[in-house]
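Here the structure comes first, spelled out in structure tokens, and everything after it is commentary.
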Amino acid sequence: MPELPEVEHTRRNLVRWMKGARITHMTATDARIAKPSPRALVTRLTGRVVSAIDRKGKWLRFVLDDGARVFCHLGMTGWFEPGGAEPLRFERASFDLVKKQKRSRVSYVDSRRWGRMELAQEDIPSWTRLGPDPLSDGIDLELLATKLARRKKSSIKEALMDQTVLAGVGNIQAIEALWKAKIDPRSRAGAMTVKDIRTIAKGIDWTIARTIADWAKGDEGEDNPFLVYGRKGTPCPRCKTLLRRAELGGRTTTWCTGCQALKR
DNA sequence: ATTATTGTTGGTAG
DNA sequence: TCTACCAACAATAA
């Protein structure tokens, strides 16, 4: 469940479930996910207390009481949930916890196995490489303008999804933000004016806040909560033009040809 | 059976 | 050194 808002929602859950708790027992079953190996992860974490859980972009960082760190990415299909007695379907790791004599269990589930749980002593490149996080750092317009100006060929949507430009904006959030900003996702990144960039930043803030609020409601309402993403062929909520879909940089993109201006 | 999917990485070319 | 492009990764749901 992996863009900034979902990962932030996950982080808030994990803080409630795990912060200050001691890991009394854990499992890790998949060598593709647990690095450097499931065994190394289990050995190093068992008996430790979780002192902090941070997020940057789509990455999570667990800090343990002895300084060890675990960097976690949910990939495309990873999530955490309270675990029961029986292992869940596609469970790849689990934590037995104790905090003030209360015991609990948290599971990591990931059908597609693109997620990561990487043990390290220091911050890893995947983490340090990330650009500013729109939610926790805010969007620096000057810096964003500089980075976009360097993109001579790529579209504004692809540039926004580059994790070194802004950390945490993925396909859905980029689509929603550009719709809000009334900018065609195919527009060249380098063609954005200062005003465009300000509008895009507002669009990003808007969609992130909106999606986090949706998650906080906890509806788990299975229907699409987004205004534009996945709504090809339906009327634009703003101008009623039928939404169009195309591929951009290998990712499905939906937008409105009626009210999103193309700038080349 | 076919198609689409919320993401990152590593290789290659320029 | 930086940008741009693409295949690979894997498993499910419609």
Side-chain angles (χ1 to χ4, degrees), chain A residues 1-11 29-36 55-61 71-80 88-92 108-118 124-131 133-135 143 146-179 185-192 204 207-208 210-212 214-215 219-233 245-255:
Chain A
M1 304 263 150
E3 282 187 46
L4 190 156
E6 294 91 322
V7 180
E8 174 61 15
H9 180 70
T10 299
R11 188 191 69 81
T29 54
D30 195 305
R32 184 178 294 285
I33 292 169
K35 302 288 180 181
R55 181 192 59 75
K56 200 196 302 186
K58 306 169 194 172
W59 283 88
L60 291 164
R61 179 179 67 187
F71 293 85
C72 177
H73 196 289
L74 304 177
M76 200 85 107
T77 53
W79 75 87
F80 286 90
L88 300 160
R89 192 182 183 206
F90 303 125
E91 179 176 290
R92 311 296 183 190
Y108 175 69
V109 178
D110 186 350
S111 65
R112 215 162 153 182
R113 298 160 67 210
W114 284 358
R116 280 290 136 74
M117 296 191 64
E118 185 170 343
I124 62 174
S126 297
W127 174 275
T128 53
R129 249 199 328 255
L130 296 171
D133 183 276
L135 186 66
L143 180 60
T146 306
K147 286 181 168 178
L148 293 180
R150 283 201 293 250
R151 306 301 173 117
K152 297 301 178 198
K153 299 196 71 174
S154 71
S155 66
I156 181 61
K157 173 165 178 269
E158 289 169 278
L160 291 178
M161 289 173 62
D162 181 333
Q163 301 299 294
T164 67
V165 171
L166 286 174
V169 177
N171 199 34
I172 295 179
Q173 299 299 316
I175 288 171
E176 298 286 302
L178 288 169
W179 176 82
R186 300 169 300 170
S187 301
R188 272 193 307 111
M192 297 296 105
I204 291 170
T207 181
I208 287 174
R210 193 172 168 276
T211 311
I212 289 179
D214 261 9
W215 277 96
D219 292 349
E220 310 294 323
E222 286 318 310
D223 50 342
N224 178 359
F226 300 104
L227 298 185
V228 178
Y229 169 79
R231 297 199 185 279
K232 179 198 72 163
R245 178 182 128 152
E247 190 145 302
L248 203 52
R251 307 301 298 276
T252 295
T253 304
T254 314
W255 79 101

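The structure presented is a predicted model; accordingly, all values stated were derived computationally and were not measured.
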In whole Å, I'd like the distance from the [atom1] atom of [X] to the [atom2] atom of [N].
X	N	atom1	atom2	value
A:E118	B:dT9	CD	P	9 Å
A:R116	C:dA8	CZ	P	17 Å
A:L148	C:dC2	CG	C1'	16 Å
A:D162	B:dT8	CG	P	10 Å
A:F71	B:dT8	CZ	P	16 Å

Q: Could you list all the salt bridge (Lys or Arg N to Asp or Glu O under 4.0 Å) pairs where at least one residue sits in residues 158-171 of chain A, not counting sequence neighbours?
A: A:R151-A:D162

Q: Would you please enumerate the stems DNA chain B participates in, each stem being three or more consecutive Watson-Crick or G-U wobble pairs with both distances under 3.5 Å?
A: B:2-5 with C:11-14, B:7-14 with C:2-9

(Q) So, does A:H73 get its side chain near the phosphate of B:dG7, meaning an N or O under 4.0 Å from OP1 or OP2? (A) no

Q. Does a side-chain N or O from A:R129 land closer than 4.0 Å to OP1 or OP2 of B:dT9, or not?
A. yes

Q) Okay, side chain of A:T77, backbone of A:D110: is any donor-acceptor separation there less than 3.5 Å? A) no

**Q.** A:K232, NZ atom: more than 12 neighbouring heavy atoms under 6.0 Å
**A.** no

Q.
Students often get this wrong, so: under 4.0 angstrom with heavy atoms, is A:Q163 touching a base, only sugar-phosphate, or nothing?
A. sugar-phosphate

Q.
I need the minimum non-hydrogen distance between A:S154 and A:A159, along with the two atoms involved.
A. OG-CB, 4.2 Å

Q: Please report the closest heavy-atom contact between A:K157 and A:T252, naming both atoms and the distance.
A: NZ-O, 3.8 Å

Q. Going by ring centres under 5.5 Å and near-parallel planes (under 30°), is A:W114 stacked on C:dC9?
A. yes

**Q.** Residues forming a side chain to side chain contact (heavy atoms under 4.5 Å, CB included) with A:R61, sequence neighbours excluded
**A.** A:D54, A:V63, A:R69, A:F71, A:D123, A:W127

Listed pairs, N/O of protein and of nucleotides 1-5 of chain B, under 3.5 Å:
{"from": "B:dT5", "atom 1": "OP1", "to": "A:T252", "atom 2": "OG1", "distance (Å)": "2.8"}
{"from": "B:dT5", "atom 1": "OP2", "to": "A:T252", "atom 2": "OG1", "distance (Å)": "2.7"}
{"from": "B:dT5", "atom 1": "O2", "to": "A:R112", "atom 2": "NH1", "distance (Å)": "3.3"}

Give me, pair by pair, the N or O atoms of the protein and of nucleotides 12-14 of chain C that are less than 3.5 Å apart, along with how far apart they are.
none

So which protein N/O to nucleotides 3-5 of chain C N/O distances come out below 3.5 Å?
{"from": "C:dT3", "atom 1": "OP1", "to": "A:R150", "atom 2": "NE", "distance (Å)": "3.0"}
{"from": "C:dA4", "atom 1": "OP1", "to": "A:K152", "atom 2": "N", "distance (Å)": "3.2"}
{"from": "C:dA4", "atom 1": "OP1", "to": "A:K153", "atom 2": "N", "distance (Å)": "2.8"}
{"from": "C:dA4", "atom 1": "OP1", "to": "A:S154", "atom 2": "N", "distance (Å)": "3.3"}
{"from": "C:dA4", "atom 1": "OP2", "to": "A:R151", "atom 2": "NH1", "distance (Å)": "3.4"}

